[in-house]
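The first residue in the sequence is number 1, and the count goes up from there. Just so it is clear, the model here is predicted, and its values are computed rather than measured.
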Amino acid sequence: METCPGCGVAHAQPSGDAGIEQLHNLGPTSTAWMKQAGINTVAELSALGAVAAFVRVEALGIKPSLNLLYALEGAITGKHWLEVKRHSKTALLITLDAAREPVAT
């Protein structure tokens, strides 16, 4: 278990059946948004992925900041959201752009 660069504490990654509120990157508002989007467990978030979860929250009419995207990815990977932002921002934004594209029929 690595020490969190954001707070200096080593956080244990909760098991897949743990509630979403157990993830250290997500606060009460983010947790409530996840639950509104039908994402209740760590396993559900992991299976869906950060980008798809973020898009689900947006589909509710909520306008989250990109920090939620980084927090979700960090929650899945066990990293602090600031570390995700530093190292994975571009890839996540490209994936998010693609996910927002309308599907051609």
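- Between M34 and V57, some side-chain heavy-atom pair lies under the 4.5 Å cut-off.
- Looking at heavy atoms from C-beta onward, L92 lies out of side-chain contact with K85 at the 4.5 angstrom threshold.
- Counting only heavy atoms from C-beta outward, the side chains of E73 and T77 approach each other to under 4.5 Å.
- In this structure, F54 is not a member of the same hydrophobic cluster as I94, with clusters built from ILVMFWY side-chain heavy atoms closer than 4.5 Å.
- A distance-only check finds no donor-acceptor pair linking the side chain of S88 to the backbone of A91 [under 3.5 Å].
- Looking at heavy atoms from C-beta onward, E58 lies in side-chain contact with R100 at the 4.5 angstrom threshold.
- Contact detail for A50 and I76: the closest heavy-atom pair is N-CD1, 3.4 Å.
- Looking at heavy atoms from C-beta onward, L72 lies in side-chain contact with L26 at the 4.5 angstrom threshold.
- To the nearest 0.5 Å, the span separating CG on L23 from OG1 on T31 amounts to 7.5 Å.
- Between atom CG of residue L66 and atom CH2 of residue W81 there is a gap of 10.5 Å, rounded to the nearest 0.5 Å.
- How far CG of N67 is from CG of N25: 10.5 Å, rounded to the nearest 0.5 Å.
- Between E21 and K35, the shortest heavy-atom contact is OE1-NZ, 3.0 Å.
- Hydrophobic clustering, with ILVMFWY side chains joined whenever heavy atoms are under 4.5 angstrom apart, groups L96 together with I62.
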